[in-house]
**Student:** 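First the structure, then my questions, so here it is.
As the structure is a prediction and not an experimental result, all values here were calculated from the model.
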Amino acid sequence: MPVGRASAELMRQLLVGRPETWATLASDPRSLARRLYRQAGWRKIGTSHLPWGPAMDLPVLPSPVEA
């Protein structure tokens with residue numbers, strides 16, 4: 001299994017059975033992981049702007065994830 005697909009599957013497994021409506025994360029927009037998140041179904045809904053670091057993308061994934 002390619003690394004990207006394995007990583008997406010790992011994320012999915014970590015979210016199985018969670019009761020939240022959405023899974024959220026913050027991702028550096030310069031990161032190569034953005035492609036992985038997109039392929040795994042994450043969708044950017046905004047950007048955070050904090051004084052102590054770079055702006056971060058805020059992707060979400062509909063949940064709950066089923067096994």
**Student:** Just list the side-chain donor-acceptor pairs under 3.5 Å for residues 48-58, sequence neighbours left out, or say none.
**Tutor:**
unit_1, atom_1, unit_2, atom_2, d
Asp57, OD1, Lys44, NZ, 3.2
Asp57, OD2, Arg34, NE, 3.3

**Student:** To the nearest 0.5 Å, what is the distance between CD on Gln39 and CG on Leu36?
**Tutor:**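 That separation rounds to 7.0 Å.
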
**Student:** Hey, quick one: are Leu61 and Ile45 part of the same hydrophobic cluster, counting side-chain heavy atoms closer than 4.5 Å, chains of contacts allowed?
**Tutor:**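 Different hydrophobic clusters.
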
**Student:** Quick one: does Arg43's side chain have a donor or acceptor within less than 3.5 Å of a partner on Arg38's backbone?
**Tutor:**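 Yes.
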
**Student:** I need the minimum non-hydrogen distance between Pro62 and Gly41, along with the two atoms involved.
**Tutor:**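 Shortest heavy-atom contact: CD-O, 4.5 Å.
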
**Student:** Might you point out which heavy atoms bring Leu15 and Trp42 nearest each other, and give the distance in Å?
**Tutor:**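 The answer is CD1-CZ2, 4.2 Å.
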
